[in-house]
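To start, the structure itself, in structure tokens.
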Amino acid sequence: SRLELQTQDRGYKTDDALIVLRDSKGDEIKILAQIKRSLTLIRSNDKFRQTITDAWNDYNNRHLFNKDKYYCLLVTGPLSSKDTDAIGWLCNRARYCDVDDEFEDRLINSPGISDPHKELYKTIKSFINDASGAVVPVGEIKRFLARFLALQPDCFYRKGLVESFA
């Protein structure tokens with residue numbers, strides 16, 4: 001296991017940290033981490049757009065990213081409860097939905113899916129399409145989201161690690 005910081009010089013766009021682990025078979029697993037003190041998961045947030053764009057570009061870099069073994073990780077300070085629920089639900093849905101076409105159809109057309117979930121998906125999809133310069137197939141977006149993780153360490157909260165050292 002190892003941790004590398006600031007990996008842009010190695011070609012990564014998601015460049016704040018690279019975590020390298022071994023699974024039970026001894027195979028290497030990499031987690032590319034982008035760390036933001038705070039973030040709002042909305043279309044107009046340039047930091048969010050850049051985070052998704054960089055993760056998408058790394059995900060598609062065959063020299064640096066194994067789509068079967070690697071992950072992109074967003075580490076951020078507190079998200080709103082709406083954003084926390086939406087990003088977690090969306091990425092889990094991508095991991096566990098077997099049929100590509102059903103992923104988007106059920107997400108957009110099911111009356112039981114909340115508007116924040118739908119809007120976050122549409123936002124991420126638009127960022128990916130913009131980064132690609134073309135319409136990306138739903139299955140590829142689903143596979144990307146299945147390899148995307150979000151983490152909110154409690155050290156960003158009041159009385160956590162950040163404030164302790166302020």
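Being a predicted model, the structure only gives us computed values, none of them experimental.
Identified under the ring pair (Phe, Tyr, Trp, His ring centres under 6.0 Å) test for residues 66-88, with sequence neighbours left out: Phe65-Tyr70. For the ring pair (Phe, Tyr, Trp, His ring centres under 6.0 Å) condition, the pairs that include at least one residue of residues 32-54, sequence neighbours left out, are Phe48-Phe127.
Using a distance-only test at 3.5 Å, with no hydrogens or angles considered, no donor-acceptor pair links the side chain of Asp15 to the main chain of Thr7. A side-chain donor-acceptor contact under 3.5 Å links Asn57 to the backbone of Thr53. Ser132 places no side-chain N or O within donor-acceptor distance of the main-chain N or O of Asn129, the cut-off being under 3.5 Å. One N or O on the side chain of Asp16 and one on the backbone of Ile35 form a donor-acceptor pair closer than 3.5 Å. Remark: side-chain polar atoms of Arg147 are not paired, donor with acceptor, to backbone N or O of Leu73 under 3.5 angstrom. Under the 3.5 Å distance criterion, the side-chain polar atoms of Asp83 are matched with a main-chain donor or acceptor of Leu41.
Between Arg43 and Glu119 the shortest side-chain heavy-atom distance falls below 4.5 Å. Residues Thr51 and Lys36 are in side-chain contact: their nearest non-hydrogen atoms beyond the backbone lie under 4.5 Å apart. In this structure the side chain of Arg49 never reaches within 4.5 angstrom of the side chain of Ser44, judged on heavy atoms. Residues Val20 and Ser1 form no side-chain contact, since every pair of their non-hydrogen atoms from C-beta on lies 4.5 Å or further apart. Residues Lys13 and Leu32 are not in side-chain contact: their nearest non-hydrogen atoms beyond the backbone lie 4.5 Å or more apart. Residues Ile124 and Leu90 have side chains in contact (heavy-atom distance under 4.5 Å, counting atoms from C-beta outward). By the 4.5 Å heavy-atom criterion applied to side chains, Glu140 and Tyr59 are counted as neighbours. Proximity of Arg93 to Arg106: side-chain heavy atoms (C-beta onward) are separated by under 4.5 Å at one or more points.
Judged by distance alone, the side chains of Gln152 and Thr76 never bring a donor and an acceptor atom under 3.5 Å apart. Side-chain contact of Thr14 with Asp58: a donor-acceptor pair under 3.5 Å is present, judged by distance alone. For the residue pair Gln50 and Asp46, no side-chain donor N or O sits within less than 3.5 Å of a side-chain acceptor on the partner.
To the nearest 0.5 Å, atoms OG (Ser80) and CD1 (Ile87) are separated by 11.0 Å. Here Asn109 contributes atom CG and Glu102 contributes atom CD; the two are 12.0 Å apart, rounded to the nearest 0.5 Å. Glu28 CD to Asn66 CG: the interatomic distance, rounded to the nearest 0.5 Å, is 9.5 Å. In this structure, CD1 on Ile31 lies 10.5 Å from SG on Cys72, to the nearest 0.5 angstrom. Leu149 CG to Cys91 SG: the interatomic distance, rounded to the nearest 0.5 Å, is 7.0 Å. In this structure, SG in Cys97 is found 6.0 Å from NZ in Lys142, a value given to the nearest 0.5 Å.
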Check your understanding: Do Leu74 and Leu39 pass the side-chain contact (heavy atoms from CB on, under 4.5 Å) test, and can you show the C-alpha distance, the side-chain angles, and the key distance before you say yes or no?
Key -> CA-CA 10 Å; Leu74 168 62; Leu39 199 62; 3.7 Å; yes
Check your understanding: Phe103 and Tyr121: ring-ring contact (aromatic ring centres under 6.0 Å, His included), yes or no, with the steps?
Key -> CA-CA 11 Å; Phe103 172 71; Tyr121 173 69; 5.6 Å; yes
**Study point:** side-chain contact (heavy atoms from CB on, under 4.5 Å) assessment of Ile108 paired with Lys122
**Key:** CA-CA 9 Å; Ile108 300 301; Lys122 290 176 187 175; 3.9 Å; yes
Check your understanding: After noting the C-alpha distance and the side-chain angles of Arg143 and Phe148, does the key distance pass the side-chain contact (heavy atoms from CB on, under 4.5 Å) rule?
Key -> CA-CA 9 Å; Arg143 285 184 283 284; Phe148 192 85; over 6 Å; no
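For Asn61, the side-chain contact (heavy atoms from CB on, under 4.5 Å) partners at least two apart in sequence or on another chain are His63, Leu64. Ile113 meets the side-chain contact (heavy atoms from CB on, under 4.5 Å) test with Trp89, Leu107, Ser110, His117, Lys118; sequence neighbours excluded. Not counting sequence neighbours, Arg95 has no partner by the salt bridge (Lys or Arg N to Asp or Glu O under 4.0 Å) test. Here Asp27 pairs with Asp23, Lys25, Lys69 under the side-chain contact (heavy atoms from CB on, under 4.5 Å) rule; sequence neighbours left out.
Gln8 CD: 12 or fewer foreign heavy atoms inside a 6.0 Å radius. By the neighbour-count criterion of 12 heavy atoms within 6.0 Å, atom CZ of Arg22 is densely surrounded, having more than that number from other residues, nucleotides or ligands.
Linking ILVMFWY side-chain heavy atoms closer than 4.5 Å, directly or via other members, places Leu21 and Leu5 in a single hydrophobic cluster. Hydrophobic clustering of Ile, Leu, Val, Met, Phe, Trp and Tyr side chains at less than 4.5 Å, counting indirect connections, keeps Leu145 apart from Ile42.
Annotation for Ala86 and Pro116: closest pair CB-O, 4.1 Å, computed over non-hydrogen atoms. When all heavy atoms of Phe144 and Ile128 are compared, the pair lying nearest together is CD2-CD1, 3.6 Å.
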